[in-house]
There are 2 protein chains.
Amino acid sequence: MTKAKPTQSTDAPKRQRLTRERIEVEALALIDEEGIDAFSTRNLGKRLGCEAMSIYHYFPSKAHILDALVDRVLGGMPIPDKSLSPAQRLRAFAHSWRAFARPHPRFYQWITLHRGNSATATRFLDEILDCFYDAGLPPEQATRGFLILGYYMTGALLDETSGYARGPSSLAPLPAEVVERDYPRVALIERVATVEHFDEIFERGFAALLREFGLE
Amino acid sequence: MTKAKPTQSTDAPKRQRLTRERIEVEALALIDEEGIDAFSTRNLGKRLGCEAMSIYHYFPSKAHILDALVDRVLGGMPIPDKSLSPAQRLRAFAHSWRAFARPHPRFYQWITLHRGNSATATRFLDEILDCFYDAGLPPEQATRGFLILGYYMTGALLDETSGYARGPSSLAPLPAEVVERDYPRVALIERVATVEHFDEIFERGFAALLREFGLE
DNA sequence: ACCTGAACACCGTTCAAGT
DNA sequence: ACCTGAACACCGTTCAAGT
């Protein structure tokens with residue numbers, strides 16, 4: 001019933017139109033692949049096939065792109081079903097948050113150091129707080145539980161994504177063989193803090209803190 | 001017996017000689033006062049009363065100054081007396097680390113995201129690990145304890161210095177009165193997470209995790 | 001309406017030159 | 001030995017101009 005579109009470009013779309021969506025997606029990819037320092041309007045322009053200045057037609061500044069990325073990420077976070085127990089819900093939040101951070105370590109760093117006080121972020125935080133209130137904790141205790149579990153969560157992810165084992169190195173690192181020889185206990189850290197152990201290690205502290213607040 | 005120096009400039013030393021020491025001290029002050037983004041060789045030169053390029057006579061690059069600052073901070077950290085119990089020593093480490101981070105929040109952010117793998121940093125980490133070994137934990141468990149307490153420590157300090165309540169704001173923050181009205185539980189966070197409560201809140205999670213590893 | 005190009009005030013760093 | 005100044009290849013962003 002509908003007319004077939006007559007003129008469709010036969011090969012690869014050469015110069016797609018810019019959209020906020022395209023800019024955000026490409027910005028995150030740029031940060032993932034080349035790091036936050038390489039995220040310049042000029043580099044982003046190159047990836048988008050336009051001049052740096054074209055981006056300003058969609059975002060008033062580079063900072064606004066990062067802001068939009070935060071909301072894109074937090075807004076896309078799955079909210080665990082309310083029928084689950086508070087502890088189960090918190091575990092689900094932790095799981096999604098970790099699942100996001102791992103493939104996006106450089107953006108995760110950025111998001112961690114900035115306030116989540118946009119409308120989207122506030123809504124997201126309120127959902128997490130709800131788990132503590134739902135468990136029957138009085139307001140002050142619920143808030144403390146939220147903070148303490150949050151500390152742990154933040155620190156664990158930072159260490160997994162960019163901490164001792166993964167962050168930018170010192171310019172004069174102690175050579176691995178010297179560490180092995182003189183600081184075997186430090187050398188062991190790298191063998192214990194591997195992807196295969198992260199879940200288990202994380203869970204141990206997480207469970208201890210949940211118990212401290214009588215959840216589970 | 002020694003000859004009195006004849007010509008001493010009578011008033012304020014106009015242009016002190018540059019030293020690594022002076023450069024490091026002024027760099028930290030610059031970061032503290034104006035933030036890591038304002039820490040440029042040109043701004044540092046202004047504070048030191050020299051051209052940006054003069055600094056390169058003492059440090060091969062800006063990154064080397066930051067590296068030196070990390071070692072200056074970690075090297076200056078007090079090592080708790082070995083006669084104390086492992087838990088007491090860990091508490092002392094936590095206390096000094098927090099005491100440093102609070103007046104230097106912007107540099108603390110930087111240090112957190114980078115690897116502590118210089119000679120000085122490695123020695124420092126080994127001292128912390130020693131507490132867990134000293135408590136009689138087998139190597140794997142000691143390492144896990146070190147990691148888990150470290151996660152918590154890192155996250156707590158980040159939140160105190162630059163997290164939800166203090167980090168750079170979203171460009172479109174939800175207005176305070178809207179948060180109060182629509183998200184009272186989120187609004188409560190700022191009233192609970194204040195300097196007066198930090199020690200107590202921190203201690204609660206810290207103690208729970210120490211207990212999880214049988215220390216104290 | 002959408003995109004560009006020149007320009008401005010910044011970066012880190014190199015290099016040749018001053019004292 | 002120590003410091004400087006011009007220069008290069010980068011930034012974010014403004015503004016006037018192109019289509």
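By convention in this document, chain letters (A, B, ...) are assigned in the order of the sequence lines, proteins followed by strands, and residues within each chain are numbered from 1.
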- request: Return the set of residues passing side-chain contact (heavy atoms from CB on, under 4.5 Å) with A:Arg123 (not counting sequence neighbours), or none when no residue passes.
  value: A:Thr120, B:Tyr183
Sequence neighbours left out, cut at 3.5 Å: what donor-acceptor pairs do the side chains of residues 168-175 of chain A make with other protein atoms?
| residue | atom | partner | partner atom | Å |
| --- | --- | --- | --- | --- |
| A:Ser169 | OG | B:Asn117 | ND2 | 3.1 |
| A:Ser170 | OG | A:Ala172 | N | 3.1 |
| A:Ser170 | OG | B:Asp67 | OD2 | 3.0 |

With sequence neighbours excluded, residues passing side-chain contact (heavy atoms from CB on, under 4.5 Å) with A:Asp182: A:Val178
query: CZ of A:Arg20 versus P of C:dC2: gap in Å, rounded?
result: 13 Å
query: Who are the ring pair (Phe, Tyr, Trp, His ring centres under 6.0 Å) partners of A:Phe146, not counting sequence neighbours?
result: none
- request: Specify the residues of residues 31-47 of chain B, ordered by number, for which at least one heavy atom lies under 4.0 angstrom from an atom of DNA chain C.
  value: B:Phe39, B:Ser40, B:Thr41, B:Arg42, B:Asn43
- prompt: By side-chain contact (heavy atoms from CB on, under 4.5 Å), which residues pair with A:Tyr58, not counting sequence neighbours?
  reply: A:Arg17, A:Leu18, A:Arg20, A:Ile23
- prompt: Quick one: side-chain contact (heavy atoms from CB on, under 4.5 Å) partners of B:Met77, sequence neighbours excluded?
  reply: B:Val73, B:Ser96, B:Trp97, B:Phe100, B:Phe124
message: Donor-acceptor check, side chain of B:Tyr152 to backbone of B:Phe202, threshold 3.5 angstrom: yes or no?
response: yes
query: Listed by chain and number, what are the ring pair (Phe, Tyr, Trp, His ring centres under 6.0 Å) partners of B:Phe213, not counting sequence neighbours?
result: none
statement: Listing for DNA chain D: consecutive Watson-Crick or G-U pair runs of at least 3, distance cutoff 3.5 Å, ranges ordered by first number, gives C:4-8 with D:12-16, C:12-16 with D:4-8
query: Quick one: A:Glu51 CD to D:dC15 P, roughly how many Å, whole number?
result: 19 Å
query: Excluding sequence neighbours, so at least two apart, what forms side chain to side chain donor-acceptor pair (under 3.5 Å) with B:Glu51?
result: none
- request: Tell me which nucleotide among D:dT4, D:dG12, C:dG5 gets nearest to the side chain of A:Tyr56.
  value: D:dG12
- request: Please name all residues satisfying salt bridge (charged side-chain N to carboxylate O under 4.0 Å, His left out) with A:Lys46, sequence neighbours left out, ordered by chain then number.
  value: none
- request: Could you tell me whether the side chain of A:Arg22 and the main chain of A:Gln16 form a donor-acceptor pair under 3.5 Å?
  value: yes
field: Atom pair distance, as rounded to whole Å: CZ in B:Arg22 and P in D:dC2
entry: 14 Å
field: Earlier contact from the 5' end, DNA chain C, for B:Ala52 and A:Leu18
entry: A:Leu18
statement: In numerical order, the residues of residues 57-72 of chain A whose heavy atoms come under 4.0 Å of DNA chain D are A:Ser61, A:Lys62
statement: In whole angstroms, the gap separating P of C:dT13 from CG of A:Leu171 amounts to 10 Å
